[in-house]
Amino acid sequence: MSTRCPGPAELAVTGVGVVSPWGDDPETAVVGGSAPFPAGEWFNHRTRLGPRGYKYLPSAAQYILAAARAAQVDRGCPEAHPADRRGFLLATNAGLAGLFDSMDATIAAEGAAGISPASAPYFAVNVLGNRLAAELSLNGFALTFATARTAAVDALSTGALALASGRCDTLVLAAVEEPVPDGRGGGGEQGAVALTLEPAVAARARGTAVRATLRTRSLFVPPAALDGAQGRAHADRVLAAALTQVLPSANPPSTVHVDLDSSPVSAAVVAALAGIPVRLPEPPRDGPYPDGPPEDDDPARTGRLLPPRRIGCLGPALAVARAVNAAKGGDQLVVCATGAGHVALVRVSPYRLTTTQESEHAEAA
């Protein structure tokens, strides 16, 4: 752990796209149930993507294509920049787990010759986004993040650094999950989120509205360090510093969405949030909720949102998408952590055009 870390740069969002079995509105998707749906029952690649050329793509690849197209419709315009200045960030934990298990079983039974030519290119998780990168000409760079639970927010942190350093002019970030195979326990998340990001000044110069700004921070809290009083005190200081960087304003966020587990690391995060009204996650709940979330999770009443317990990185990404859609209501905070020590924070705010922002921050829209 270290308290000497650079402050996070601002990111601004120009487009949001969501694809989920519980609807494409992040308000309903974020509180969706945990029972997976067969892809064919809720996602039709022909109507979503086109009649030809998509049938044999893995379901997760289809989801991110649909989500990215929705983000483009939502005013995200990566094509406004040269192809070699467009970056791509992909986050997933189990997006290809089912395909990997199927390929392993085929090789064990028939040998490598039995693998379908259509699925063979997807032998590694980092090729999952290749079709999207090709269709949108995201030629600047491509990175895949697979950190359990925090991968999408880790990708946001890296995106902030890439834009601040001039590594690219625009980014497409996609988070995608598919259910975990039954042989590995089953369950998990399903669907995709896509965000389009670019410098806010550039977006405004070409007349594109900025949906919201993000400030992110990813860090690591060694679980073993929490065994002793000195380590816990140091972890408290590190987490407090991270929160100060993400929430520089004295005003607390109007809503806090926590995506945690029952580990000591998550308990340390909850302690760091002591001044903000949050509580630990509840057991899984089924959705969707046609009349809104249950009363005890109504953000208008409690100022907080809690997801069902999830396997994968989609929960925090959906929470960020929801916060972007509701950004006019004030600052919102998304927090996720795992027992392995990974902690990630995102503050979502309405876009405020100020001289300080334009001259001092690397804002991304």
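Throughout, residue positions are numbered sequentially from 1 according to the sequence presented. Below, all heavy atoms of this structure are taken into account, side chains as well, without hydrogens, waters or symmetry copies.
In this structure, the side-chain contact (heavy atoms from CB on, under 4.5 Å) partners of Asn139, at least two apart in sequence or on a different chain, are Ala83, Ser137. Ala70 pairs by the side-chain contact (heavy atoms from CB on, under 4.5 Å) definition with nothing, not counting sequence neighbours. Legend: residues meeting salt bridge (Lys or Arg N to Asp or Glu O under 4.0 Å) with Glu79, ordered by chain and number and at least two apart, are absent. Scored by the side-chain contact (heavy atoms from CB on, under 4.5 Å) test, Ser119 finds Leu99, Ile115, Ser116 as partners (sequence neighbours excluded). Annotation: side-chain contact (heavy atoms from CB on, under 4.5 Å) contacts of Ala67 (sequence neighbours excluded): Val19, Ala192, Ala194.
No donor-acceptor pair closer than 3.5 Å links the side chain of Asp259 to the backbone N or O of Ala337. Within the 3.5 Å criterion, the main-chain N or O of Gly339 finds a donor-acceptor partner in the side chain of Asp261. When atom types are taken as modelled, the side chain of Glu177 and the backbone of Cys313 share a donor-acceptor pair closer than 3.5 angstrom.
By the 4.0 Å N-to-carboxylate-O rule, Arg232 lies too far from Asp227 to be salt-bridged with it.
Under the side-chain hydrogen bond (donor to acceptor under 3.5 Å, both in side chains) criterion, the residue pairs touching residues 97-106 are Asp101-Arg184, with sequence neighbours excluded.
Hydrophobic clustering (side-chain heavy atoms under 4.5 Å, transitive across Ile, Leu, Val, Met, Phe, Trp, Tyr) keeps Tyr54 apart from Tyr56.
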Evaluate the ring-ring contact (aromatic ring centres under 6.0 Å, His included) criterion for residues Tyr63 and Phe43: first the C-alpha distance (whole Å), next the side-chain angles of each, then the deciding distance (0.1 Å), finally the verdict.
CA-CA 8 Å; Tyr63 301 162; Phe43 186 90; 5.1 Å; yes

